[in-house]
Amino acid sequence: MIEIQSIKKSFEDREVLKNISARFDNGKTNLIIGQSGSGKTVLMKCIVGLLAPTSGKILYDGRDFVAMSKKEKALLRREMGMIFQSAALFDSMSVLENVMFPLDMFSSMTLKERTKRAQQCLDRVNLSEAQKKYPGEISGGMQKRVAIARAIALNPKYLFCDEPNSGLDPKTSLVIDALIHDITEEYQMTTIINTHDMNSVMGIGDSIIFIKEGRQEWKGDKTQVATSDNQALTDFIFASDLLKKARQAFI
Amino acid sequence: MQQLGVDSIGIVLMISFFIGAVICIQMKMNIQSPWMPRFTTGYTTREILLLEFSSSIMCLILAGKVGSNIASELGTMRVTQQIDALEIMGVNSASFLILPKIMGLLTMIPVLVTFSMAAGFGGAYAISFAGILTPEDLTYGLQHSFKQWFVWMSIIKSFFFAYIISSVSAFYGYTVEGGSVEVGKASTDSVVHCSMLILFADIFLTKILS
């Protein structure tokens with residue numbers, strides 16, 4: 001479980017995150033949603049430690065991440081996996097080498113065991129046939145699946161996904177969503193996903209927080225989204241005419 | 001080491017060979033006169049190659065080739081979040097990415113400088129066989145008043161230049177913020193600053209080591 005308490009983040013005079021508190025349970029896909037520029041990427045960067053919050057606490061199963069030493073943070077990071085918007089695969093390594101990388105760095109397994117584990121992870125994301133290819137030779141959707149395989153290689157307790165569906169077609173987005181959701185349940189991870197993809201919100205949003213202009217505007221789950229009377233949320237989620245009609249029909 | 005050093009052997013040998021040949025021709029045409037000993041061409045060619053070309057000028061060329069390679073590679077890794085991915089995994093990204101480059105260049109650039117000296121002399125000999133001067137005169141000139149220290153001086157200077165190229169270009173690449181335009185700018189800036197620092201360092205090192 002990850003808990004954030006009164007997180008604030010400012011860049012010079014500009015306050016980007018304004019007193020955000022939330023709880024992200026394990027075994028659930030926790031979504032952070034909001035418009036571009038609302039502060040959700042900054043919030044995720046603060047949670048994973050790529051940015052230091054101006055004030056507030058971030059608790060990983062009760063362990064205060066902000067107060068940790070550099071060494072303690074490095075140890076905790078071995079329990080994290082992250083899927084970036086751009087997949088962030090290492091260009092100079094093959095797909096198999098990318099998945100093996102965290103194992104090479106931090107596990108005490110033999111080469112045979114590491115290779116077997118990496119192949120298992122690639123099997124899990126249905127990519128065993130692409131293991132010898134390089135990131136530049138596979139599609140965006142496949143790159144995201146490799147990123148998922150790399151993220152789960154060390155059996156992390158916490159999984160972070162920054163707009164995992166960005167740049168993907170709707171069908172591939174659904175595959176990625178389903179994969180993340182299944183893996184979260186299977187490994188009982190605490191998963192946090194940054195997204196503004198409405199399919200993700202309605203499909204895998206076990207827990208959702210909505211951020212607007214750096215402030216937490218709403219929280220709930222996918223079953224409460226359509227019936228919410230929060231104007232900012234409905235304006236954001238049901239922005240198109242088609243979705244507005246769908247909502248009216250649902251209500 | 002392979003990417004930064006071994007892959008540069010070809011260009012170092014080629015440039016040094018031709019510059020060695022050109023220096024030899026220039027010395028013969030512009031310095032040599034009936035009033036000067038016949039070994040002057042070989043002697044001056046050797047001094048130029050050993051003292052400045054093979055260390056300083058070659059490192060300026062390598063700052064362009066290797067320095068821009070380091071800056072653009074690290075810069076691209078930064079903007080495509082590959083460095084963030086390393087950090088998230090708990091890997092010390094600066095140490096993991098930059099240290100091998102510094103060690104690789106510190107190992108390879110002195111080797112490249114030695115190759116450059118040999119190729120430069122090869123170029124001078126090629127010209128002597130073409131009939132501009134006799135190989136005997138060139139050999140005598142190359143050996144005349146030879147100071148072994150000049151070779152060591154070149155190699156010592158190259159260690160400093162290797163450190164400048166690797167660390168400055170790594171700094172510019174690692175600290176890129178933005179996109180492809182910024183990566184290109186970082187690459188250019190790294191070459192400019194490496195070149196300036198090499199030239200300044202050359203003045204001090206020459207003064208200290210001479």
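In what follows, every chain begins at residue 1, and chains take the letters A, B, ... in the order their sequences are listed.
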Is it the backbone or the side chain of A:Phe160 that comes under 4.5 Å from a heavy atom of chain B, or both, or neither?
-> neither
Of the listed A:Leu50, A:Leu89, A:Leu76, A:Ile83, the one with the largest count of heavy-atom pairs under 4.5 Å with chain B is A:Leu50
Please test A:Asn165 against A:Ser200 for side chain to side chain donor-acceptor pair (under 3.5 Å), starting from the C-alpha separation and ending with a verdict.
-> CA-CA 9 Å; A:Asn165 299 332; A:Ser200 304; 2.8 Å; yes
Step through the atoms of chain A and chain B and list each donor-acceptor pair whose separation is under 3.5 Å.
| unit_1 | atom_1 | unit_2 | atom_2 | d |
| --- | --- | --- | --- | --- |
| A:Ser86 | OG | B:Thr80 | O | 3.1 |
| A:Ser86 | OG | B:Gln81 | OE1 | 3.2 |
| A:Asp91 | OD2 | B:Gln82 | NE2 | 3.1 |

Heavy-atom count around B:Phe171 CZ within 6.0 Å, excluding the residue itself: above 12?
-> no
The side-chain contact (heavy atoms from CB on, under 4.5 Å) partners of B:Ile19 (sequence neighbours excluded) come to B:Ile15, B:Ile23, B:Phe53
Contact class of A:Leu154 relative to chain B, heavy atoms under 4.5 angstrom | neither
Validate the cation-pi geometry between A:Lys9 and A:Phe11: distance from NZ or CZ to the six-membered ring centre under 6.0 Å, angle to the ring axis within 45°.
-> yes
Is the centre of the A:Phe101 ring less than 6.0 Å from the centre of the B:Phe96 ring?
-> yes
Here the gap from A:Ile183 atom CD1 to A:Ile148 atom CD1, rounded to the nearest 0.5 Å, amounts to 5.5 Å
Rounding to 0.5 Å, atoms NE2 (A:His181) and CD1 (A:Ile193) come to a distance of 8.5 Å
